[in-house]
Amino acid sequence: MTALLQVEDLRVAYGKIEAVKGISFTVEAGQVVTLIGTNGAGKTTTLRTLSGLLKPIGGQILFEGKPLTNIPAHKIVSLGLAHSPEGRHIFPRLTITENLLLGAYLRNDKAGIEKDVQRAYDLFPILGERRKQAAGTLSGGEQQMLAMGRALMSQPKLLMLDEPSMGLSPIMMQKIMQTIVELKAQGTTILLVEQNAQAALSLADQGHVMEVGKIVLSGTGQNLLHDESVRKAYLGED
Ligand code: ATP
């Protein structure tokens, strides 16, 4: 069986600076796969390239066995890849419901869209309670929920989350991580970029450690969680 996503020897540069230096990994349908690593390792660059926002200088991206390179970003969404970006990018003046509906802009099945808006409210009740309020009034963690809910509105085959725990309180972070587990149980395939290695590896089927543009270590989430070098470098142990 072909993997849902296959990344082969991917290289991405900003001008002369190569930020991603030939990485390879796969995501199987139904899995949660995480990319962890410190600031500047190339994780966000990788997600932005998968979304079609950056063009690679080398390598292959195959989604359901078909090449994604050179396909424009909006087409990539319609193929089933959704991206909840770092820093959230919600529309602060629009209501919560309007923000969610923007995630469904490629769909025209009214009943299905309404059902998925309701699903977002079920996942994150606070969004339902405040559905008519401007999204800019939400807290950071609630905005993160909205960004995730909006990405889900395109009914993605692969949901890519960039640092969903960034800047969140421990309780909010726990809530976001629980939601990822819930989404996985519902059959959503997730590619999760995180600096919080402990949280990400605890729930991931597969993990890859990135350092300066390369994958330096791969394994199951549990194996990496217990790996001595990972514990020293990313989990703050001596
Ligand atoms: P972070 O968690 O801080 O976002 P990251 O692993 O996601 O880190 P990237 O944001 O992908 O890392 O950055 C990888 C490298 O590319 C870094 O050295 C960064 O400075 C550089 N970089 C990122 N965006 C640009 C840009 N627009 N122009 C030039 N260099 C960039």
Side-chain angles (χ1 to χ4, degrees), residues 5-27 32-61 63 68-70 72-73 76 81-90 140-141 143-148 150-151 156 158-170 172-173 176-177 180 190-204 206-219 221 224-225 227 229-236:
L5 177 75
Q6 283 170 271
V7 175
E8 291 166 8
D9 201 19
L10 185 69
R11 293 168 56 220
V12 193
Y14 298 100
K16 285 189 181 147
I17 301 166
E18 215 169 308
V20 175
K21 303 172 181 172
I23 62 166
S24 303
F25 65 93
T26 58
V27 180
V32 175
V33 175
T34 187
L35 303 178
I36 59 167
T38 48
N39 273 329
K43 307 178 301 295
T44 297
T45 302
T46 302
L47 288 198
R48 290 177 59 79
T49 308
L50 296 175
S51 290
L53 300 169
L54 293 171
K55 264 191 181 196
I57 56 166
Q60 274 260 49
I61 304 165
F63 189 63
L68 274 195
T69 13
N70 293 322
I76 289 181
L81 251 108
H83 186 175
S84 175
E86 193 177 23
R88 299 157 195 141
H89 299 285
I90 56 132
Q143 291 188 19
Q144 182 58 54
M145 294 173 185
L146 180 56
M148 279 174 75
R150 186 181 57 190
L158 177 64
L159 175 64
M160 300 194 290
L161 302 173
D162 196 350
E163 305 238 1
S165 80
M166 192 170 58
L168 301 189
S169 67
M172 272 297 181
M173 194 191 83
I176 295 285
M177 292 298 155
I180 293 174
I190 295 170
L191 179 57
L192 169 67
V193 158
E194 259 298 337
Q195 280 197 42
N196 186 327
Q198 173 87 41
L201 292 174
S202 303
L203 56 80
Q206 287 291 320
H208 305 281
V209 181
M210 281 187 81
E211 271 173 24
V212 282
K214 293 193 173 152
I215 289 179
V216 293
L217 193 63
S218 300
L224 291 179
L225 201 53
D227 181 278
S229 63
V230 172
R231 297 196 73 81
K232 277 192 180 149
Y234 300 100
L235 305 177

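All ligand and atom numbering here is 1-based and tracks the order in the structure. Only heavy atoms go into these numbers, but all of them, side chains included; no hydrogens, no water, no symmetry mates.
In this structure, CG in D162 is found 3.5 Å from OG1 in T44, a value given to the nearest 0.5 Å.
Proximity of L35 to F25: side-chain heavy atoms (C-beta onward) are separated by under 4.5 Å at one or more points. Annotation: side chain of L192 is not in contact with side chain of V33 (no heavy-atom distance under 4.5 Å). Residues Q60 and T69 meet the side-chain proximity criterion, which asks for heavy atoms closer than 4.5 Å.
Ligand 1 lies under 4.0 Å from heavy atoms of Y14, A19, T38, N39, G40, A41, G42, K43, T44, T45, E86, E163, Q195.
For E163, the salt bridge (Lys or Arg N to Asp or Glu O under 4.0 Å) criterion is met by no residue, not counting sequence neighbours.
Each of V193, L5, T46, L50 was evaluated against M160; a single residue qualifies, L50, per the side-chain contact (heavy atoms from CB on, under 4.5 Å) test.
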